Amino acid sequence: MVNLKGGSSKTTSAAFVAHAAAERGLSVLLVDADPQGSALRWGELAGWELPAVALASRDLHRRLPGIVGDRYELVVIDTPPMEDHRGIVVAAMRAAGVIVVTLAPTMIELDRLPPVWAAVNEVTAGG
Ligand SMILES: Nc1ncnc2c1ncn2[C@@H]1O[C@H](COP(=O)(O)OP(=O)(O)O)[C@@H](O)[C@H]1O
Ligand SMILES: [Mg+2]
C-alpha cells in the first residue's frame with residue numbers, strides 16, 4: 001500500500017486486505033514498514049491473530065525474503081507516506097509483486113499522484 005501522504009488509507013487497506021485473505025485460508029504476514037508502527041499498534045489493541053512484524057527499513061527488499069522464507073503465501077506491506085520516507089517506500093515497492101496506490105476519489109489526491117507514478121516507474125524499470 002503506497003501513497004505520497006498520510007491519511008490516504010494505506011494502513012486501513014493493508015489491515016483489511018491481510019485479514020480478508022487470511023479468512024479465505026491463505027497464510028498471510030503483515031509487514032509494518034511505517035516507523036510510526038500504526039499497523040502493529042492496531043494489531044495489539046485489537047488482539048489480531050494475524051502475524052505481523054515491523055520492518056521499517058530501506059533494506060526491506062533485501063531483508064524480507066529471509067523473514068518470509070516459504071512460510072507465507074501472501075505478504076502485505078503497509079508503508080509510511082512517501083514524502084517522508086521515500087527510501088523505505090521504494091524498498092517496499094522493490095519487494096512487491098503488486099503495488100496498491102490507495103486514495104480517496106478527490107481532485108486534490110489525483111493531483112498528488114505524479115510523484116507516486118514516478119517512483120513506481122523507477123522501481124518497475126529496475127532503477
Ligand atoms: N475506506 C475508508 N473509508 C472511510 N474511512 C477510511 C477508509 N480508509 C481509511 N479511513 C480512515 O482514514 C484515516 C486514515 O486512514 P489510514 O489507513 O490510517 O491512512 P494512512 O495509513 O494512509 O495514513 C483513518 O481515520 C481511517 O479510519
Ligand atoms: Mg498508515
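Atom set for the values below is all heavy atoms of this structure, side chains included, hydrogens, waters and symmetry mates excluded. Read the numbers this way: they start at 1 and go in the same order the structure lists the ligands and their atoms. This one's a predicted model, so the numbers in the text were calculated from it and none came from an experiment.
- The pair E109-R112 fails the salt-bridge criterion, with no side-chain N (NZ, NE, NH1 or NH2) lying under 4.0 Å from an Asp/Glu carboxylate O.
- Put simply, the side chain of P35 reaches to within 4.5 Å of the side chain of H85, judged on heavy atoms.
- Within a radius of less than 2.8 Å around the Mg ion (ligand 2), the protein N, O or S atoms are T11 OG1.
- Counting the atoms of ligand 1 from 1 in the order shown, those under 4.0 Å from a heavy atom of S9 are 7 (C), 8 (N), 9 (C), 15 (O), 16 (P), 17 (O), 19 (O), 20 (P), 22 (O).
- Counting heavy atoms of neighbouring residues, nucleotides and ligands inside a 6.0 Å radius, atom CZ of R24 does not exceed 12 of them.
- Each of V2, D34, D32 was compared with P80 under the side-chain contact (heavy atoms from CB on, under 4.5 Å) criterion, and only D34 meets it.
- For the salt bridge (Lys or Arg N to Asp or Glu O under 4.0 Å) test, no residue two or more places apart in sequence or in another chain qualifies with E73.
- Looking at atom 12 (O) of ligand 1, its nearest protein heavy atom turns out to be G7 O, 4.8 Å.
- Distance check on atom 6 (C) of ligand 1: every protein heavy atom falls at or beyond the 4.0 Å cut-off.
- Considering backbone and side-chain atoms together, D78 places no N or O closer than 3.5 Å to any N or O of ligand 1.
- Nearest to atom 22 (O) of ligand 1 among the protein's heavy atoms is K10 NZ, 2.7 Å.
- V28 and A21 get closest at one heavy-atom pair: CG2-CB, 3.8 Å.
- Within the 4.0 angstrom cut-off, atom 16 (P) of ligand 1 has one or more protein heavy-atom neighbours.
- Polar contact with ligand 1: absent for G6 (N/O pair, distance under 3.5 Å).
- Protein heavy atoms all stay at least 4.0 Å away from atom 3 (N) of ligand 1.
- Counting only heavy atoms, the protein gets under 4.0 Å from atom 26 (C) of ligand 1.
- Shown here is L45, whose CG atom has more than 12 heavy atoms of other residues, nucleotides or ligands within 6.0 Å.
- Residues D78 and T11 have side chains that bring a donor and an acceptor to within less than 3.5 angstrom of each other.
- The aromatic rings of W42 and W48 sit tilted, their planes meeting at an angle between 30° and 60°.
- I88 is not listed as a side-chain neighbour of L55, based on a closest heavy-atom distance of 4.5 Å or more.
- Residues M82 and N3 fail the side-chain proximity criterion, which asks for heavy atoms closer than 4.5 Å.
- The protein atom (non-hydrogen) at minimum distance from atom 10 (N) of ligand 1 is T12 OG1, 4.2 Å.
- The shortest N or O to N or O distance between K5 and ligand 1 is not under 3.5 Å.
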